[in-house]
**Q** 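Sharing a structure with you now.
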Amino acid sequence: MANIHLKDRKRAQKERLLFREISQLFLHLTLDDARLREITLSRLSLSPDKSMCTIYFYTPQGESYFKDVLEILKLYKPSLRKAIAEKIDARYTPELRFTFDSHYEKQERFEQLMEKIKDEGESS
């Protein structure tokens with residue numbers, strides 16, 4: 001049981017390290033490529049075996065805009081992976097996968113629904 005918690009803790013530590021490094025690398029990319037300035041790195045998750053790193057991005061313009069920018073991100077994937085390999089002390093560098101983070105949109109819809117329910121309750 002303690003071994004499972006240790007593995008989870010180590011994976012969480014590696015996720016934080018990856019997030020910090022990828023955030024810095026992405027910041028440099030946005031300085032070099034203005035097309036990436038409209039998207040924000042929101043979070044990442046590492047697969048249990050640490051072979052896949054899913055990087056979540058958000059943009060107020062929505063998922064369709066992100067899909068357009070995704071092609072640009074894919075062009076930078078090899079250089080990002082190489083830079084990560086140079087920065088972190090790990091046997092293997094995880095494969096990178098970019099995806100849209102719909103978490104913020106879901107949260108906004110939830111808050112709008114709650115506000116609507118509140119307004120309807122007050123008007124009754």
**Q** If we only count heavy atoms from C-beta on, is the K77 to F98 side-chain gap below 4.5 Å?
**A** yes

**Q** What I'd like to find out is whether the side chain of I22 reaches to under 4.5 Å of the side chain of C53, using heavy atoms alone.
**A** yes

**Q** Indicate yes or no: at least one non-hydrogen side-chain atom of F57 is less than 4.5 angstrom from one of V69.
**A** no

**Q** Donor-acceptor check, side chain of E15 to backbone of L46, threshold 3.5 angstrom: yes or no?
**A** yes

**Q** Would a 4.5 Å heavy-atom cut-off, applied to side chains only, mark I55 and L80 as touching?
**A** no

**Q** Roughly how far, to the nearest 0.5 Å, is OG of S42 from CZ of F19?
**A** 7.0 Å

**Q** State the CD-CG distance between Q112 and D119, to the nearest 0.5 angstrom.
**A** 11.5 Å

**Q** So, does T54 use its side chain to make a donor-acceptor pair with the main chain of R97 at under 3.5 Å?
**A** no

**Q** Under a single-linkage definition using a 4.5 Å side-chain heavy-atom cutoff for Ile, Leu, Val, Met, Phe, Trp and Tyr, are F66 and I72 assigned to the same hydrophobic cluster?
**A** yes

**Q** Please tell me if the side chains of K14 and I88 come closer than 4.5 Å, counting only heavy atoms from C-beta onward.
**A** yes

**Q** Please say yes or no: joined through hydrophobic side-chain contacts below 4.5 Å, possibly via intermediate residues, are Y58 and L27 part of one cluster?
**A** no

**Q** Determine whether Y56 and L25 fall in the same hydrophobic cluster, where Ile, Leu, Val, Met, Phe, Trp and Tyr are linked whenever their side-chain heavy atoms lie under 4.5 Å apart.
**A** no

**Q** Indicate yes or no for a side-chain donor-acceptor contact from T93 to the backbone of R81 under 3.5 Å, with no hydrogens or angles considered.
**A** no

**Q** Once you round to the nearest 0.5 Å, how far does CG of L113 lie from NZ of K118?
**A** 14.5 Å

**Q** Please answer: with hydrophobic residues joined when any side-chain heavy atoms are less than 4.5 Å apart, are L44 and M52 in the same cluster?
**A** no

**Q** side-chain contact (heavy atoms from CB on, under 4.5 Å), that's the test. Do I39 and F26 meet it? Break it down for me.
**A** CA-CA 10 Å; I39 62 172; F26 185 69; 3.6 Å; yes

**Q** Taking all atoms of both residues into account, what is the closest heavy-atom pair of D101 and R43, and its distance?
**A** OD2-NE, 3.0 Å

**Q** What distance do R35 atom CZ and L75 atom CG have between them, rounded to the nearest 0.5 Å?
**A** 7.5 Å

**Q** How long is the gap from CG on L36 to OG1 on T59, to the nearest 0.5 Å?
**A** 11.0 Å

**Q** What distance do Q24 atom CD and I84 atom CD1 have between them, rounded to the nearest 0.5 Å?
**A** 11.5 Å

